[in-house]
Amino acid sequence: MSLPKLFLHVQDPLLASDLLALKGVQQYELNVSYQEESWLQQLAISQCDVAIIEVNPADGDSLQGLVDHPLLSQTEFLFFSKGEPDPMLDRLIQKGAGFHYRAPFNVKSVESSLNEVFNELSVPMQYNNPQASYLDQFGLLVGSSCAMHSLYRTIRKVASTNTNAFIIGESGTGKELIANTLHVVSPRAEGPFVAINCGALSPELIDSELFGHVKGAFTGAHKDHQGVFEQAEGGTLFLDEVTEMPFEYQVKLLRVLESGEYKPVGAQQVKKTNVRIVAATNRVLSDAIRDDIFREDLYFRLAQFPIMSPPLRDRQGDACGLAQHFLAYRNAQDGQQKQLSASSLEKIGQYSWPGNVRELKHAIERAYILADQTILPEHLITNALNSQAETNKTSGIPFGMRLDNIEKIAILKTLKNNEGNRTDTANQLGISIKTLYNKLDKYDQTDFL
Ligand SMILES: Nc1ncnc2c1ncn2[C@@H]1O[C@H](COP(=O)(O)OP(=O)(O)OP(=O)(O)O)[C@@H](O)[C@H]1O
């Protein structure tokens, strides 16, 4: 396994030599900065896990540029400064960038930070027991790759603050799980975690679903109803697919975020809200803003802390580990001993998983159903992996297969065919989008962990 990478941008020769003498530094692959170039640009290219930066007055642009840069969440920063007040640096530290050491420096205290990060990054990837999961877990997330450890550190940093977070990533990468994890490791963990899918809100009831209503507010309002803001009071409100919220409601949401107040439909009094908002989207945000699908001002309100959810293809080694993990949990559920053959694991490792963890999880679920004891490559049904096998296995439905399994396969296959588009999938299957969401939710909750 390659070594974690450390970026060093230090002008003071004494400080540099003290740092270079640390054992904690020597265990990394070292990238020393070209002093004449912006350290942010160099870092964006070298993609190091840890960055030691000695800040000087000429660094304003780099510090400013880092505030909304994905590197902020991917890299552990150790800043060194002379101690003169620097609002931009303060802002970065508040956003969880890492540590700020002020002169005179005690470089020995840097050692423990470096060791901690190094240990997290150097997880051995040994696979030995086919009946067990061997991946690391943080909150509800499973994965041992560097990308996942970087994500765990980011979540830990955001969790301790009260800021809103915006999770950006492809469909199926685990954005809801990240939001839930952020909640359970935060001081709000005792409070509720409430998730809504902004794409599935019914247009007639959206006000009431968000802000609640009082008895008699409209025909059919037989009793008071709590909206999601009230349900999530003291906890976390997860706004999934926030970019799909109707444009006019985005203004309402923005107002609530700005004022911290909302009014249930038909109520006289406003209510104060105390929730952390975590939003998510799998859209390319710049496109959504440009195409007037999503309001830029709302984006800035929500994205106090952007969190990137890495695609599965960027989590080295995790695909096989997750397959093993899902299978181990499924075996435990049914008291079974099914195993993945070596060639199946090889295929899993080679495939790019465009549908990410969801696709992998569903592939294992289907393979588990189809295989007697050993899961062979032909049991692993995904369009790209084995389209011929898919046709054979699912067009001629095996005798005795449970009806709910047949339904599941039909839904997942149609979803896959529509590249994840739920509206088209629901239309083709002749069910409402709400029913589709309910069924997908049910699969996610009952399949495995
Ligand atoms: N790191 C992980 N460890 C374990 N399970 C995971 C992980 N990431 C995702 N999953 C599982 O994959 C499925 C999809 O995850 P999730 O719904 O959180 O993805 P998403 O990014 O929110 O998808 P979408 O954008 O389509 O809503 C879920 O069943 C979830 O439990």
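Computed from a predicted structure; not experimentally measured. Side chains included, hydrogens not; waters and symmetry mates left out as well; all remaining heavy atoms used. In listed order, ligands and their atoms are each counted from 1.
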*Got more than 12 heavy atoms from elsewhere within 6.0 Å of CG, Asp372?*
no

*Neighbour count above 12 (heavy atom, 6.0 Å) for Glu407 CD*: yes

_Less than 4.0 Å is my threshold; does some heavy atom of Gly169 fall inside it relative to ligand 1?_
no

*Can you measure from SG (Cys48) to NE2 (His9) and round to the nearest 0.5 angstrom?*
13.5 Å

*Please verify whether a non-hydrogen atom of Arg422 lies at under 4.0 Å from ligand 1.*
yes

*For ligand 1, which atoms have a heavy atom of Leu141 less than 4.0 angstrom away?*
1 (N)

*Measure the acute angle between the ring planes of Phe229 and Phe211, then classify it against the limits of 30° and 60° as parallel, tilted or perpendicular.*
parallel

*Using a strict cut-off of 4.0 Å, indicate which atoms of ligand 1 neighbour a heavy atom of Asp240.*
27 (O)

*Which atoms of ligand 1 have any heavy atom of Met148 under 4.0 Å away?*
1 (N)

*Check the angle between the aromatic planes of His149 and Tyr152 and answer parallel, tilted or perpendicular using the 30° and 60° thresholds.*
perpendicular

*Where ligand 1 meets Phe326 - atom numbers and elements under 4.0 angstrom, heavy-atom basis*: 5 (N)

*For Asn162, what residues pass the side chain to side chain donor-acceptor pair (under 3.5 Å) criterion, not counting sequence neighbours?*
Arg188

*Check Tyr329 against ligand 1 and report side chain, backbone, both or neither, counting heavy atoms closer than 4.0 Å.*
neither

*Of the listed options Val142, Leu177, Ile178, closest to atom 5 (N) of ligand 1 (non-hydrogen atoms)*: Leu177

*asked:* Under 3.5 Å between any N/O of Gly174 and any N/O of ligand 1: does that happen in this structure?
replied: yes

_Nearest non-hydrogen contact with atom 25 (O) of ligand 1 belongs to which option: His325, Glu170, Lys175?_
Lys175

_Phe193 and His183 aromatic ring geometry - parallel, tilted or perpendicular at 30°/60° bounds_ = tilted

